[in-house]
Amino acid sequence: MTSPMPANTIDIQTHIDTLVPIFAKAAVGDFSGDIKLPDQEDAFTPILAGIQIMLEVIREKMAESQSVNDRLHVKMEETTALLRSIGDGVTVLDTDGIVVFLNVSGERLVGWKESEAIGKRWIDLIPLQDEEGQVIPEDKRPFEANYEIPSEATVGEKTYYYVRKNGHRFPARTTVSPVIFQGRRTGIVIVFRDITKQKEVEDLKSEFLSIAAHELRTPLGNMRWTMDLLRKEKAERLSPELKAKIEQLYENNMQMIGLVNDVLSISRLTGSDTIKEDITPTVLTNVINTVIAELEVEIAAKHLTVQFNVPDQSLSGASFLIDENHFRQVIQNLLSNAIKYNRDGGQVTVTLLQSPEEICIDIADTGVGIPDHDKDHIFERFYRSENVIETSIPGTGLGLYVVRSFIKKWGGKIWFESEEHKGSTFHVCLPKQENTVK
Amino acid sequence: MKLILVIEDNLELQKLYAEALQGVGFTVKGVPSVGEGGVAIQEKKPDLILLDIMLPGGKNGFDLLERLKKDPETKDIPVIVLTNLDSEEKVARDIGAIDYIVKSNTSMDQVVEKIQKLLA
């Protein structure tokens, strides 16, 4: 028989029976339930109360955490929805070039579902073709070769064609940028779009320009030849005054012809597809001599001495693979400037040189020169320095822009020295590698 | 005297060719279309053909050039393409033109000189 417990002894068993189920639930992450405090306070009471408080705090914290999780989840879903709904195709590749994400537009464009694309190498999934339909081999694919992660966003300039799942292709414009996470590059994002419509517009524009140029050139060409014939008329048939007027007409006409050529070139150069070049073997000395001959009227009018020096005889008559018309335009613009801005009785010296890697042309004049503050701008479209705007020398400010655009296209360099009232010397150098001398 | 056939639909230009080339001793016949060009070539084989590209119906000049170069009877007649299109030189030479001249970018003298060199 047990004696009743004294009033101030602790009833341990009851407390253990209360706590054990609580701990058992907590062990599996269930913090529900409350501890009922006994009516009779004893030494254990603070422990029970403490544990009850703990339960309540834990439940509160868990609810907060859940709420944060829910919000994160919603945000993630929103962001994914955003990415998916971007109108352009977006694909994310990891550092091995394997697809980890493809948005809805991308799926539509390439014909592959994201679930089919994930886990595959992008360049295996989407073959790339050039304009002519040749498949671009793996090591030649721009930006994607060897999964080199670009350090900046790069936009493809050439038009390449993506080949869809069904084998059909579309012209694509792509932007490739690195994914940077916590300071490290972790992948590539490719944004791509179908530019079929733009290409059509560009092709139409290009054709329109060619036709417009053709239509403009027809009467200009006829006038040129008519005047060529007139200028050959014997002295008895034409008075000096008439001859002078014909010369003026001729000069104006030549200016118009130059303008049509320049405007056509500029339109083509600033289009997003590269200007079509007709690369043929061109004898540079012939072109330069021809241009000088064409300008003989202007040269004579200003009493200029023009010299064309070819110190390296092997260059005389040598062929160079280049677009002859465009090269002629470059020479025409440079020589025309050297003559236009020259003083009466001045000189123009043209020199053709070569080094093992380059062919260079120097054009020196004794003209008005370029003021220092204009020097950084003269290659800009429509830019004319103040010291010539005030004169009656005609010009559109397009010549040097065209010249530099072509030279940049050919991988060459152009630079100049100039001093006001003394003259200017322009230097053009073209790399031999792409334009091998035959 | 050598015969030059000019296939050019612009009559003013035909007259200019005639004046310039007859002046240096050539006989010149001008026709305004590919069809008439074909007929003229059959009637009397020219020593040189000056061919425009944009002829009635489109870029027919190239069609004619191709046919001429495929026909053993006519493939040896030199053809100079004279045009105001500036982007077709490679195409023209690939089909068989012996020279390609952009009219507005070339003086009459240069054209005559090229022809004289060719027919010397």
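The sequence lines fix the lettering, A, B, ..., with proteins before strands; numbering per chain opens at 1.
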* Structure fact -> Distance col, row A:N325:CG vs B:D86:CG, nearest 0.5 angstrom, shows 6.0 Å
* Asked: Under the criterion side-chain contact (heavy atoms from CB on, under 4.5 Å), which of B:E12, B:K15, B:E19 is the partner of A:T226?
  -> B:E12
* What residues of residues 97-120 of chain B sit under 4.5 Å from chain A when you count only heavy atoms? -> B:V102, B:K103, B:S104, B:N105, B:T106, B:S107, B:M108, B:D109, B:Q110, B:V111
* Asked: When rounded to the nearest 0.5 angstrom, what is the spacing between CD in B:E89 and CG in A:D323?
  -> 7.5 Å
* Structure fact -> Highest number of heavy-atom pairs under 4.5 Å with chain B among A:I257, A:I211, A:N222 belongs to A:N222
* Asked: In terms of heavy-atom contacts, does CD of A:Q248 have more than 12 from other residues, nucleotides or ligands at under 6.0 Å?
  -> no
* To do: Pick whichever of B:N10, B:L16, B:L85 has the most heavy-atom pairs under 4.5 Å with chain A.
  => B:L16
* To do: Output the residues of residues 32-48 of chain B for which the shortest heavy-atom distance to chain A is under 4.5 Å, in residue-number order; output 'none' if no such residue exists.
  => none
* **Approximate separation, where rounding is to 0.5 Å, of B:N84 CG and A:H214 NE2** => 5.0 Å
* Neighbour count >12 (heavy atoms, 6.0 Å) for atom NZ, B:K29 -> no
* Structure fact -> Turns out that what part of A:T280 lies under 4.5 Å from chain B's heavy atoms comes down to side chain
* Structure fact -> If one checks every heavy atom of B:L82 against chain A at 4.5 Å, the contacting part turns out to be side chain
* To do: With a 4.5 Å cut-off on heavy-atom pairs, point out which of A:L220, A:V260, A:D228 contacts chain B the most.
  => A:D228
* Are there more than 12 heavy atoms of other residues, nucleotides or ligands under 6.0 Å from atom NZ of B:K69? -> yes
* **Atom group of A:N261 that falls short of 4.5 Å from chain B, counting heavy atoms** => side chain
